[in-house]
J.: 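One structure, as structure tokens, below. Some questions next.
Chain letters run A, B, ... following the sequence lines, proteins first and then strands; every chain starts at 1.
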Amino acid sequence: MNILVCVKRVPLTGGKMVLTADERAIETRHLGFTISPHEECGVEEAVRIVEAGGGSVTVVTLGPPEAEEQLRDTLAIGADRAILLETDGGDWDPEATAAALVEVIAAENPDLVIFGNESADAGGFQVGIRVAHALGRPIVTGLKALAVEDGGLRCEQEVGSARDVYRVPLPAVVTVKEGINLPRYPSVPAKLRARRKEVERRTPAARDPRLEMVRLIVPEGKGKQAEVLGEGPGAAPAVVGLLQKLGVA
Amino acid sequence: MIGAGIVGNSLACHLGRQGWTDIVQIDKGPLPNPGGSTGHASNFIFPVDHSREMTALTEDSVRQYKALDVFTQCGGIEVARSEERMEELRRRMASAKAWGVGGVRLVTPAEIKELVPYIDESVIIGGFYSEGVGVVDSLRAGTLMREEQQAAGTLTTVPNVEVLGIDVEDGRVRRVRTADGDIEADTVAIACGVWSPLLARMAGASIPLTPAIHQMIDIGPVPRFAGTTKGIEFPIVRDMDTNMYERQDGTGLEIGSYAHRPILHDPTEIPSIEEAALSPTEFPFTEDDFALQMEHALELMPEIVGDESVGIKYAINGLLSLTPDGLPLLGETPEVKGLWSAAAVWVKEGPGVGRAVAEWMTHGESEIDLQSSDIARFYPCQKTLANVRARAAEGFNKTYGIVHPGEQWASNRDVRLPPFHEREKALGAVFFETAGWERPFWYESNAGLVEQYGLNGREHEWDARWWSPIINAEHLAMRERAAMFDLSAFAIFDVAGPGALDTVQRVAMRQMDVPIGRAVYTPLLTPGGGFRSDLTILRLAHDRFRFVTGGLHGMADLKWVRDHADGAVVTDLTGAWTTLGLWGPRARDILASLTSDDVSHEGFPFARCKSIEVGPLQVLALRISYVGDLGWELHVPIEQGARLWDMIHEAGEPHGIIPAGIGVYGTTGRIEKGYRAFGFELDAEYDVVEADMAWGKVKDQDFVGKEAHVRQRESAPAALMCTLTVDDHTSAAGIPRFMLGREPIVTRDGEPLIDAKGRRSFVTTAGSAPSVGKYLLMAYLPPEQAVEGTELAVEYMTERFPVTVAVAGSTPIFDPENTRIRS
Amino acid sequence: MSTLVFLEAADDLGLQALTFARRLDPAVEVVAVGDAPSVAAKVHLAEITGYAPQAWARAIANLGPTTVIAAGTDRGNEVLAHAAVMLDGVFAANVIAADGDTVTRQRWGGSLLEEARLHGDVKLVTVAPHAVAIEETTGEPDVQAFQPELAAGDLIARVAERVEETTAGVSLADAPVVVSGGRGVGSAEGFAPLEELAGLLGAAIGCSRAVTMAGWRPHTDQVGQTGTKISPDLYIPCGISGATQHMAGCKGAKNLLAINSDPEAPIMASADYAVIGDVLEIVPAITAELRRVRGLS
């Protein structure tokens, strides 16, 4: 089975968001980067399916030249090929992103396309669905379990404390959520092999955004001054007092 | 106390133990881990270092960690992949012996494999095993030390307080301003690791370090380490040739590197705790810089690193502090009184530094001599960001490097140039740098003298590095005719004012109420009677004294004298004067031809200084001799230096004058006269009697260290400075070897010599004595061995060479009556 | 120009979406599938059995709206994304405010906001949960049932069956009290005292992403942007520093009691109450005190 996974390079933020002076991006001077958590699990899922049943995993990302780092990370955990759709690092809206991805996915024609349910940063919740329509394929989203069965897919989507089961034929598109698996860490030999692999580069055509980011805003903190109930185990009576006051004790 | 990492905690604790009762410690981070390097540093300790001071601080730290029960011994092996490295490991064995670190031995690949079964021994050719290596919980140690003094009521620690400013009044620190209020304090210590420069700047002082990256990753779970109960059960491996280390960390293997390109950061670039994803001193990992290191680790430990099931769980670019010379920054800042620095200290020295600096703050000195870490040691140009960064970057990749004792820096050269520099270049000077000054070590223009005097080179490449037989040739030419020396690196400062004599009496051991025009060579002592410095003081006027001291310790000496000045102003004149040395049997003839002033022996006796006219120049001539020959130091204002050089050179030509370098001035000249040098024979750990420099009687006036000095004179010394000759240089390989210094002196059977104070004998200076045709070593020996004729040995590269005591005490081997100097 | 609000039910999130929609257009009408939600509005009820996102979206598209609003639930986002393709509209998810063509929407699960301009004739937005105060009430709907005209393929992805989870204990998403542990708990075993306290309070156990990544707890316990989003009456994070992605998962909590050794940890900026110190000492003490007090009453 040939699987194509789409990932996005996002910063690893700390406890506070800091913006650049023009308020159009997060200040990333001190930050490392990673792949959106849902997508990391998507790559892991693809690698597991191929390990079990054969095939290949191709990972694609739309991003700046530095996104090569994230692609190599996926190669290091078992992806076979990586394609970078190179941009200048600016914001691409979901429709432009989907259009760029459709071009390469249509050419690759994989059996299965995997997306993360939403990217950690922009959280648009629509790129996978737009791509699926453009390709004329069915799409199931937010999966917590995925299995290849009888030439099709058995998918599980979490609804409250229950799971809804879908069965769709291939070729298909799915989006997955973190928790579908626990991604592996790459080994040193795998990292070294990944460094030697070639990353294919293309330059996608940009288009004017229809969902146009004007500026970013760090939400105001609630300005809370936490009431310190005490220090150490000696605070226990004060805590129980609070529990009683809130009616949960 | 600003800082609650390992250094701040240790310093606060030791201050409390020293009797300080009102200590407030603040940190902008939380407890127990405020987010500095202590929180993520790889906490292992290798006890052996080539520096005696660092080894002593490490040893003391280990003792303290053990007392706090946070030390886990695991042993450590430094492995060699090359023969050059094996030689370096033999040097480390020698250092271990010299500083008295036990439990060490050289090991074969097979023995290493037994100790570290997951190593591929075919990749290495041997190693240096140190039993005493261990890992420490420095966070816990710091907490315990804090809690001890908090319980004693001497220490209040307040985390999450950010310093906004440090107020200085009349040159003294007065208060610390924080986001939560002001703290009045007339003593402030900065122990903030990578943030220290920012704090110092607030007070108008300088702590010249730069934050730098060193990379580390953690891989696991390692099958072999599964079910481990202790954090570490196998020895730590330092893969020296690749500048890396590997160590077990619970079920994982931590791999660290000092091999990558130096990555320096500005202290202002360190993020706040909220912004940082991990901690402020854990930066995002840059994988490209670690690629080669992954290959090296894979080569050395394929069983673990090559195991595909072992994943990279953690990878960071960790921040640590680097200084221009790789040594810590300790002591009171020269710019602001009461403002102390305890920065650029590694976990392995933390507690030891805390104790030593606390002693220094309380008693004016510490048990472990900290002179090479004294923050006052830098000249202003060395504290510039450009110098700090250039040298830190260059030094970083030498962390596990093979550094020759004479090795010169390549970066940031040609900063301090004397007026004769171009002339020296034209004469083929080979420049070595001291305190930023470019000084000729020898001159290639004298190359022809080597054959003339029938001198040999040194066969072994290591011995011959940073050396030339030209030095010995220059020495012989000087003794035969005359030589001129560039001595512009001297630090020169005047003490003047109504309190000048009192000030000078207080700091100098010898009697300073001498007639105007007298030069006194005198030690400056520590309160404990050890050596703080040795230098020459000239009485220029009733109330003006000029200090002339070696460049390397000039700034520290300047601070010391300023600290003790009362009713006198101390003015740094280093940049105003330059000095040429002129020595040799023909020196008087040459000088006399240039001046009509009386320079005869009667007219210009030894140890005198006077102003003479040399053509159009007014020269302050000083008749002393560090090279043990007739001659003068000639001091002129710096802008006249070039002219003086030309005049001396021209006048000296018919007499056969040659330019000679520091190879002669600093080693050969003095070693055959037994002249001691500060930082070599003289430091705080040895006293005047042991150095055999207690000439004359003790002056009546009070001086720093007098009480101790008097006591020392009244008792027998525990050791005596001796000069030894090397009897046979031939190594097992059949070639002559030449010691370079710091080798252990042992009995002919290889037993170390340890004096009553527990100090081991080692070579303080090694060098040729061309005029007597011998190779000399200077060393402190216990009284039983400090006897002329005693047969001993020196251990060089783990080989033993026979040596004999030639002089017990300070009598020169060459010209013992000093006829030349006093002619 | 017609505005539709897609309602899954007249629950809190649905009523929030309806409130938001009515502010934009008082004449907004409702579109729903299967069961009509109990709201006093005109409800276009599509007759489709079972959840099939593409078919549900087609039903909405059939009505030809120019503006579509829904709650920012999994289904709301999914259905509207499909509808956006069908209507060639621009879709902005998790909006908290709108003004003409400009919206303010959530990024990073709400830890960052974006001001965005929507270009196009058809606009679709989902409303971020709990961003709007409810001004609507339940009521009797004016139902107009219809058969949507589906395209081939609209029913390929449809729910075939529902499997109920046998989760022992309280559901994390619904629990009135949640006790969570982070890196500060130290190990998987360290959660034992938290589980004991949770048991006494009838609370659910949660954890931070660091804990899940370390393998100490299953992902179903994870509270955060990519885990479960909770809005309990009381949230007690223990040894959790408060990274933005975690806070994105618990900003709906009505009260937050943080237990942490660091009084300046980022989580404190969102805490109503705090206890400073070692989690492993404090939590057992609270449990003991709670037992004692209960024993007395």
J.: A:L182 versus chain C, heavy atoms under 4.5 Å apart: side chain, backbone, both or neither?
T.: side chain
J.: Of A:T61, A:T34, A:T97, A:D121, which meets side-chain hydrogen bond (donor to acceptor under 3.5 Å, both in side chains) against A:K8?
T.: A:D121
J.: Please look at A:V240 and chain C and tell me whether the side chain, the backbone, both or neither of the residue comes under 4.5 angstrom of a heavy atom of that chain.
T.: side chain
J.: Please classify the contact of C:D74 with chain A as side chain, backbone, both or neither, using a heavy-atom distance under 4.5 Å.
T.: side chain
J.: Which bit of C:S241 is near chain A, if near means a heavy-atom gap under 4.5 Å: side chain, backbone, both or neither?
T.: neither
J.: As a test of understanding, state which of A:S36, A:S119, A:P64 forms a side chain to side chain contact (heavy atoms under 4.5 Å, CB included) with A:R9.
T.: A:P64
J.: Please list, chain by chain and in numerical order, all residues satisfying side chain to side chain contact (heavy atoms under 4.5 Å, CB included) with C:D278, sequence neighbours excluded.
T.: C:L280, C:E281
J.: Could you tell me which portion of C:A269 (side chain, backbone, both or neither) has an atom closer than 4.5 angstrom to a non-hydrogen atom of chain A?
T.: backbone
J.: Measure distances from C:T212 to the heavy atoms of chain A and classify the residue's part below 4.5 Å as side chain, backbone, both or neither.
T.: backbone
J.: Which region of A:Q244, side chain (C-beta onward) or backbone (N, CA, C, O), has a non-hydrogen atom less than 4.5 Å from a non-hydrogen atom of chain C, or is it both or neither?
T.: side chain
J.: Go through A:T141, A:V140, A:D93 and name the one with the most non-hydrogen pairs under 4.5 angstrom from chain C.
T.: A:T141
J.: With a 4.5 angstrom heavy-atom cut-off, could you sort out which part of A:E95 is near chain C: side chain, backbone, both or neither?
T.: side chain
J.: Taking NZ, NE, NH1 and NH2 as the nitrogens, is one of them in A:D73 or A:K191 under 4.0 Å from a carboxylate oxygen of the other?
T.: yes
J.: Given that the side chain runs from C-beta out, which part of A:V239 has a heavy atom under 4.5 Å from chain C: side chain, backbone, both or neither?
T.: side chain
J.: Can you tell which part of A:E220 gets under 4.5 Å to a heavy atom of chain C, answering side chain, backbone, both or neither?
T.: neither
J.: Give, as side chain, backbone, both or neither, the part of C:L257 having an atom under 4.5 angstrom from any heavy atom of chain A.
T.: side chain
J.: Hey, which residues of residues 110-117 of chain A are touching chain C, say heavy atoms under 4.5 Å apart?
T.: none
J.: Can A:E44 and A:N181 be counted as having a side-chain donor-acceptor contact under 3.5 angstrom?
T.: no
J.: What part of A:V127 lies closer than 4.5 angstrom to a heavy atom of chain C: side chain, backbone, both or neither?
T.: neither
J.: Please classify the contact of A:L229 with chain C as side chain, backbone, both or neither, using a heavy-atom distance under 4.5 Å.
T.: both
J.: Checking A:E118 against chain C: side chain, backbone, both or neither under 4.5 Å from a heavy atom?
T.: side chain
J.: For A:D91, which atoms come within 4.5 Å of any heavy atom of chain C: side chain, backbone, both, or neither?
T.: side chain
J.: Given heavy-atom pairs under 4.5 angstrom as the criterion, report whether the side chain, backbone, both or neither of A:I180 touches chain C.
T.: neither
J.: Look at atom CD of A:Q225 and say whether more than 12 heavy atoms of other residues, nucleotides or ligands are closer to it than 6.0 Å.
T.: no
J.: Please look at A:P94 and chain C and tell me whether the side chain, the backbone, both or neither of the residue comes under 4.5 angstrom of a heavy atom of that chain.
T.: neither
J.: Are there residues of residues 113-123 of chain C whose heavy atoms fall under 4.5 Å of chain A's heavy atoms? If so, which?
T.: C:L113, C:E114, C:E115, C:A116, C:R117, C:L118, C:H119, C:G120
J.: Given heavy-atom pairs under 4.5 angstrom as the criterion, report whether the side chain, backbone, both or neither of C:M86 touches chain A.
T.: side chain
J.: Are C:T73 and C:E8 linked by a side-chain donor-acceptor pair shorter than 3.5 Å?
T.: yes
J.: Is the CD atom of A:E212 crowded by more than 12 outside heavy atoms at less than 6.0 Å?
T.: yes
J.: Please flag which part of C:V177 lies under 4.5 Å from any non-hydrogen atom of chain A: side chain, backbone, both or neither.
T.: side chain
J.: Heavy atoms only, distances under 4.5 angstrom: which of C:A81, C:P284, C:G277, C:A173 has the most pairs with chain A? Name it, please.
T.: C:A81
J.: Do C:Q222 and A:E178 meet the criterion of a side-chain donor-acceptor pair at a distance under 3.5 Å?
T.: yes
J.: Under 4.5 Å from any heavy atom of chain A, what part of C:N260 do you find: side chain, backbone, both or neither?
T.: neither
J.: Classify the side-chain pair C:T244/A:T13 by whether it contains a donor and acceptor separated by less than 3.5 Å.
T.: yes
J.: Which residues satisfy the ring-ring contact (aromatic ring centres under 6.0 Å, His included) test with C:H219, sequence neighbours excluded?
T.: none
J.: State whether C:Y51 and C:R75 meet the cation-pi test: NZ (Lys) or CZ (Arg) under 6.0 Å from the six-membered ring centroid, and within 45° of the perpendicular axis.
T.: yes
J.: What I want to check is whether the side chains of C:D99 and C:T102 have a donor and an acceptor closer together than 3.5 Å.
T.: no
